Every structure is written in structure tokens, then in C-alpha cells.
Amino acid sequence: MPVRIGVVVFPGSNCDRDTIHALDLAGAEPVVLWHEQASLEGVAAVILPGGFAYGDYLRAGVIARFSPIMRAVAAFAGDGGLVLGICNGFQVLAEAGLVPGALLRNQSLRFAGREVAIAAERVDTAFTHALEVRRPLRMPVAHGEGCYYADEAALDALERARQVIFRYVDATGMDAQPGNPANPNGSLRAIAGVINATGNVAGLMPHPERAAEAILGSEDGMGILRSLVESAARAAGQTSPLEAAAR
Amino acid sequence: MTSFRFAVNVTPKPGILDPQGRAVEGSLGHLGITGVSAVRVGRRVELTVDAVDEAAARAVVDQLARELLSNPLIEAYDIEPIGGASSTTSALAGEG
């Protein structure tokens, strides 16, 4: 039986269908979770997809943070449940304090909608174990508020705790610091994605679900989704699709 | 109960990059204005709170400002009473 993974739909979510499709491809059974429901319906992991939840009014992600489903997501995360936030989902997680830091308006003041390259700093997490360390992954970004910010002391603490899991990289594979055109939003220390201290909640600005099939120009996002699906299957005590296929 | 009206002014904390402020500053030359610097763009939220007294009303606004209207990692806020207090009961005279 495929592992059930929840995809939360807020009013204004617009990447939920892409995420559901990509989860299908990754061998999971996607479960749609509406923002007004208080139950996660027993899913083994949750994805907060991209979009503009509640119109991004006030600050991106903040209104969504107080929705009934987010109470359930916070409790699930507190119990060690796997949660991945993509783009707007990352903003929601940051506003909820489930991952460290904040996402500021892009330093260019422009909406960034283009392909970028990111590299995984760690391949020992529930979200990255199917990846190769520091191999550039091509996938799109599409956001106006994606500039990762934390103060210097907090950034140092994140690095020490190895909580930076993705960084923007340039054509040479080096970290794309603010000012480098390969850094789409001015994110400090080229940070594209982070993980919480307990390793079960992660967020990233780029869209792996939009790079999940060759026809989309890149399949590099699949490694992230496949990592999550496998980890969720393991958490649910099931055989993962990959392990099943290997037999 | 009495109604109290407040404004909550939310601004980027010192040291936080504020590209909006920078863009505004950059446009000043087009207006022929000089000598203006350190432009910071924030947000102002006005609201009315019904409470027994001003201290109770302010406590509600403070919670709202801290948990919803600002993100303490990146923004500071201050609370400003505006418009004075008005008694809800007299305002709604004839009801209930």
C-alpha cells in the first residue's frame, strides 16, 4: 500500500495540484487536507505547498499559521512527524516558528520566477537522503519574499547545528552569496532551505515539484520528494516504493 | 465596556535590509529632493478594542501586535492610542 502523504490546501495555494501529481509519480498516495479541518487523517507526512495562502496579506504565511490545520501540523511536528514546506509553505513554517529564520522581500524588489540551482549540504536527513552531497539541482523559484534572514548569531548557530540543508549555487557550483545573480533573492549565506533542530521539519524556497519530470526540463526535484516519501514510508512502518522496486 | 482605538506601527528592525525603503530613497532624486536619508517602510494597523479600561485594551493590542501584526525576528512595533475612548453602551443606546 502506498504511503499516505498530506498536501495542505489553503485559500490561495496554487502548487497543491503539482505537488499531488509529483507525489503520485514518487509512489505515494497524496491526501488533500483542507485548511479548515483539524485532523491530518493519519497521514505519514505533510507537505505545505506553494502559493499565496490567504493572499499573503499582512506578511506571507502569517494568516495561514493560525488556521485550524496548522494547529494539527504543529502538534504533528512536535511529535516528530515529517513536514516539508515548499515556497509559501516554507514561509508558513517560518512564521509558525517550526523552522528557524524569516523570509524577507527579495532584495531586488522583483518577483523571482526562473530556474535556479541549489545544492544539498546534507544528505543524511529525511528530506535529502536520496541526493548526492553538493551536486547542483536545477529547479524553479517563483516568489517575491524569499530572502532568507536570521541575525548573524542565529546564522552561526544554524551552521554549527548543520541546519542549513540547501544553498543556492552558481554555474561553478560555488555558494551564490547575496549580490551573485545566481542568488535569486539576496538570501544570507546563500540559504535556500533549512531544517529544524530535531530534523523532522524542513522548508525550501525552490519548487522540487515543478522539476519532477523530464518533460518539465528537470527531474532534479524528484530526489527531494523521493527522500520524503521513503522516510514517510519508514515512519509508517511500510516498505518504501523504492525498496519494493529493488526486490 | 468602553471602546478604545489604537494604531500599531510596525517597522523593520534596525539592521534589517529594507529594499522598499531603499527604493523610495532612490526615487527622491526624481522629485528634486535632497537631504533625505534612512527611509524605512513599515505598516500601520488601526483597530478598535472593547475592554473594561485602557490597560486591558492595550494588553489585547500588545498580544495581537506581538503574535500576528509583527514578526519579532525582523520587525519592531509601537502602540499608539488614537481618537480617545468612547463608551460602547452609549454608542449603542437603545440596543439590548
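Numbers restart at 1 for each chain; the letters A, B, ... are given by sequence-line order, proteins then strands. What you see is a predicted model, and the numbers here were worked out from it, not measured in a lab.
- Per-residue counts of heavy-atom pairs under 4.5 Å with chain A were compared for B:A23, B:G15, B:P12, B:S70; the largest is that of B:S70.
- Contacts between B:Q20 and chain A at a heavy-atom distance below 4.5 Å involve backbone atoms as well as side-chain atoms.
- Contacts of A:L58 with chain B are made by both backbone and side-chain atoms, with heavy-atom separations under 4.5 Å.
- Counting non-hydrogen atoms of other residues, nucleotides and ligands closer than 6.0 Å to CZ of A:R17 gives a total of 12 or fewer.
- Counting heavy atoms from C-beta outward, A:L104 and B:I74 have side chains that approach closer than 4.5 Å.
- Separating the CD atom in A:E95 from the CD atom in B:E67 is a distance of 12.0 Å, to the nearest 0.5 Å.
- In terms of non-hydrogen atom pairs under 4.5 Å with chain B, the most contact-rich of A:Q107, A:R59, A:R105 is A:R59.
- Counting non-hydrogen atoms of neighbouring residues, nucleotides and ligands closer than 6.0 angstrom, the CZ atom of A:F66 exceeds 12 such neighbours.
- Atoms CG and OH, on B:L17 and A:Y149 in that order, are 8.0 Å from each other to the nearest 0.5 Å.
- When the shell of 6.0 Å around CZ of A:R134 is examined, it contains more than 12 heavy atoms from other residues, nucleotides or ligands.
- Put simply, CD1 on B:I16 and CG on A:D151 are 8.0 Å apart, with the number rounded to the nearest 0.5 Å.
- Contact of A:N106 with chain B is made through the backbone alone, with heavy-atom distances under 4.5 Å.
- More than 12 non-hydrogen atoms from other residues, nucleotides or ligands lie less than 6.0 angstrom from CZ of B:R44.
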